[in-house]
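Computed from a predicted structure; not experimentally measured.
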Amino acid sequence: MLCACSGEQFKFEEAPQSPESLATRDFSASGLSSRTGDWESKFDETQVEDVESTLKEALSLNYEEARALLGRLEYQRGNFAAALQVFEGIDITALAPRMIRAIAERTKQRKPRSKVDNVLPNVMSMHSVSLLLEAILLKSKSLEELGRYTEAAKECRIIVDTVESALPNGMPEGIGEDCKLQEMFHKALELLPYLWIKAGFLDEAVTAYRRALVKPWNLEPRRLACVQKDLATTLLYSGVEVNLPSQLQVKGLTTPMSGTEEAILLLLILSGKMALQEIDWDPEIMDHLTFSLSITGMFKSLADNVEKVLPGVYDRAERWYFLALCYSAAGHNEVALNLLRKACGSSEAKHRPHFPSFLFGTKLCSLHPNHAREGIKFSQEVIDLARHQNEHFLGQGQKFLGICHGAAARISVLDSERIIFQRESLNFLHDAAALTVNNDPEVIFSLGLENAIQRNLMQLMTI
């Protein structure tokens with residue numbers, strides 16, 4: 001028994017002769033259902049014609065809708081070649097103008113919250129349009145499964161072109177309540193750039209991403225964020241520069257002049273959405289933003305965005321360390337050192353010591369003689385931590401300890417204190433040279449500089 005969408009029931013006077021007939025098998029497609037036994041995956045043209053004939057007689061479906069339903073069944077069963085054979089019988093080129101007119105007319109006359117299509121003579125129903133769009137989408141996915149990515153992308157683009165031609169100002173609200181048009185279109189928007197990437201046409205992929213973002217297509221926030229993120233990563237890492245189309249080029253301070261700038265703007269938008277909790281936290285977005293702002297030298301902007309991250313995403317020591325890196329790269333070493341004091345201070349005594357903060361604090365202190373004594377304390381902590389968990393950093397701790405002792409000697413007032421600092425500086429630098437592999441050039445330079453300052457010319461010649 002076959003049940004039409006209208007709910008009418010039709011009975012066959014005779015049972016189907018062949019158990020392999022697709023028209024007698026279980027399937028569910030827009031309210032249709034039937035039952036049969038096992039079937040073979042092999043699919044020939046005779047079976048297609050038999051099934052189409054049965055469906056058209058029993059359900060009054062037209063040729064294209066019958067093929068759309070049969071193709072869906074083949075795709076669901078994993079027979080992609082058979083599904084493609086069925087879908088290729090649908091002449092989308094001839095149907096496209098009728099589909100465009102149907103979408104435009106029925107969305108124009110659709111009343112808010114209407115559950116039925118308005119009666120329009122000689123205009124396809126939204127159900128038929130949705131069914132055909134789904135057929136195109138499944139044809140594209142079948143081609144993808146068969147490794148024909150370029151053809152799959154071109155088929156998927158037909159959906160985007162059709163809907164965009166019918167709705168040039170975007171998707172109206174409420175259109176997805178009683179038909180699958182919006183759902184099919186959203187899937188096509190997400191699939192199209194992915195197919196172009198797999199086909200190797202990155203410029204086409206960027207164009208497809210932009211088409212999904214320039215108009216209000218009613219994408220839900222999570223899906224919209226995914227498209228924005230994918231476009232940003234493609235612009236950042238693909239190595240392809242795709243100019244904005246003329247209609248999107250607006251003169252202004254916020255107009256991106258390159259793919260990297262466009263990616264940064266997208267990532268900043270996503271970062272703001274995360275801060276406002278419009279979308280869930282995504283660490284990859286922060287990683288991409290860090291990379292993009294770092295390669296463009298915008299470290300102060302990076303620090304500002306790190307400070308906007310909600311508490312609890314990073315633990316306190318990690319957050320302060322991240323900010324210290326940003327401010328130091330921006331040239332604000334004093335601000336960075338203050339942050340590292342927090343990460344290494346008494347407030348974090350109950351937590352596991354954050355080794356990178358101690359090591360970075362040591363390095364910053366070694367750059368400024370006024371912080372030399374504080375650098376000695378940082379260096380001693382680094383050496384203690386390295387002996388227990390990071391032995392490969394032991395040489396670095398000895399190096400910075402020697403440098404800080406040398407800097408302390410140069411600002412020391414007492415001669416006795418200066419002599420002690422100078423002796424300790426050379427001792428620690430010699431230890432660092434013995435511990436480092438492949439003669440670390442920084443250690444060799446620091447050891448030579450300290451011997452030159454102390455006028456140890458004979459020692460300087462043996463380095």
Side-chain angles (χ1 to χ4, degrees), residues 209-210 213-214 221-222 224-238 241 244 248 250-345 347-348 351 354-365 367-368 371 374 378:
Y209 280 127
R210 286 171 176 166
L213 297 176
V214 294
R222 181 185 59 81
L224 179 61
C226 286
V227 174
Q228 291 172 326
K229 173 185 167 184
D230 290 343
L231 174 56
T233 54
T234 303
L235 290 168
L236 276 177
Y237 308 119
S238 68
E241 193 69 38
L244 284 170
L248 298 181
V250 181
K251 294 183 179 180
L253 296 176
T254 59
T255 302
M257 304 303 294
S258 66
T260 302
E261 290 186 9
E262 185 178 354
I264 290 173
L265 286 175
L266 288 167
L267 293 169
L268 288 174
I269 291 171
L270 291 171
S271 176
K273 289 181 178 180
M274 289 193 299
L276 296 173
Q277 296 183 304
E278 294 179 5
I279 58 175
D280 295 333
W281 168 258
D282 185 352
E284 290 186 0
I285 292 175
M286 205 63 201
D287 292 342
H288 298 315
L289 183 61
T290 301
F291 171 77
S292 58
L293 291 176
S294 297
I295 62 175
T296 54
M298 301 172 65
F299 300 106
K300 184 62 171 61
S301 296
L302 178 58
D304 293 340
N305 280 276
V306 173
E307 289 180 345
K308 293 177 183 177
V309 175
L310 295 174
V313 174
Y314 301 114
D315 61 50
R316 293 196 301 177
E318 187 69 28
R319 184 191 189 95
W320 288 328
Y321 174 67
F322 196 170
L323 285 169
L325 289 173
C326 296
Y327 281 112
S328 176
H332 304 291
N333 285 336
E334 289 296 327
V335 178
L337 193 54
N338 284 333
L339 290 165
L340 293 172
R341 291 188 184 110
K342 291 183 178 181
C344 304
S347 63
E348 299 298 307
H351 301 86
H354 193 255
F355 182 80
S357 295
F358 282 100
L359 186 60
F360 191 36
T362 301
K363 180 178 181 179
L364 291 182
C365 288
L367 300 175
H368 304 280
H371 299 303
E374 186 178 10
F378 271 118

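- Here CG of L323 is found 11.0 Å from CG of N305. Values are rounded to the nearest 0.5 Å.
- For the pair E334 and H371, the minimum side-chain heavy-atom distance is below 4.5 Å.
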Kindly list each side-chain donor-acceptor pair under 3.5 angstrom involving residues 226-235, sequence neighbours excluded, with atom names and distances?
{"residue": "Q228", "atom": "OE1", "partner": "K273", "partner atom": "NZ", "Å": "3.1"}
{"residue": "K229", "atom": "NZ", "partner": "D282", "partner atom": "OD2", "Å": "2.9"}
{"residue": "K229", "atom": "NZ", "partner": "E284", "partner atom": "OE1", "Å": "2.6"}
{"residue": "T233", "atom": "OG1", "partner": "K229", "partner atom": "O", "Å": "3.2"}
{"residue": "T233", "atom": "OG1", "partner": "D230", "partner atom": "O", "Å": "2.9"}
{"residue": "T234", "atom": "OG1", "partner": "D230", "partner atom": "O", "Å": "2.7"}

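- In summary, D304 and K300 engage in a salt bridge, as defined by a charged side-chain N under 4.0 Å from a carboxylate O.
- Rounded to the nearest 0.5 angstrom, H354 NE2 and L359 CG are separated by 11.0 Å.
- Of all non-hydrogen atoms in K342 and E348, the two that sit nearest each other are O-CG, 3.7 Å.
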Would you tabulate the side-chain donor-acceptor contacts of residues 259-270 under 3.5 Å, counting partners in other chains and residues two or more places apart, or write 'none'?
{"residue": "E261", "atom": "OE1", "partner": "M257", "partner atom": "N", "Å": "2.8"}
{"residue": "E262", "atom": "OE1", "partner": "R210", "partner atom": "NH2", "Å": "2.7"}
{"residue": "E262", "atom": "OE2", "partner": "R210", "partner atom": "NE", "Å": "3.2"}

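- Looking only at side-chain heavy atoms (C-beta outward), V313 and M274 stay at 4.5 Å or farther from each other.
- You'll find the side chain of F322 stays beyond 4.5 Å of the side chain of V309, heavy atoms only.
- One finds the CD atom of E307 at 3.5 Å from the OH atom of Y327 (value rounded to the nearest 0.5 Å).
- Minimum heavy-atom separation, V306 to C326: CG2-SG, 4.5 Å.
- Looking only at side-chain heavy atoms (C-beta outward), S357 and W320 stay at 4.5 Å or farther from each other.
- In this structure, NE2 in H288 is found 10.0 Å from CZ in F291, a value given to the nearest 0.5 Å.
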Please lay out, stage by stage, how H332 and F299 fare under the test ring-ring contact (aromatic ring centres under 6.0 Å, His included). CA-CA 10 Å; H332 304 291; F299 300 106; over 10 Å; no
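- With hydrogens and angles disregarded, no donor-acceptor distance shorter than 3.5 Å links the side chain of R319 to the backbone of G312.
- Closest approach of E374 to L337, counting heavy atoms only: OE1-CD2, 4.3 Å.
- Of all the heavy atoms in L364 and A336, the pair that sits closest is CD1-CB, 3.9 Å.
- In this structure, S328 contributes its side chain and L325 its backbone to no donor-acceptor pair below 3.5 Å.
- Atom-to-atom distance recorded for W281:CH2 and S271:OG is 7.0 Å, nearest 0.5 angstrom.
- Among all heavy-atom pairs drawn from I279 and P221, the shortest one is CG2-O, 4.0 Å.
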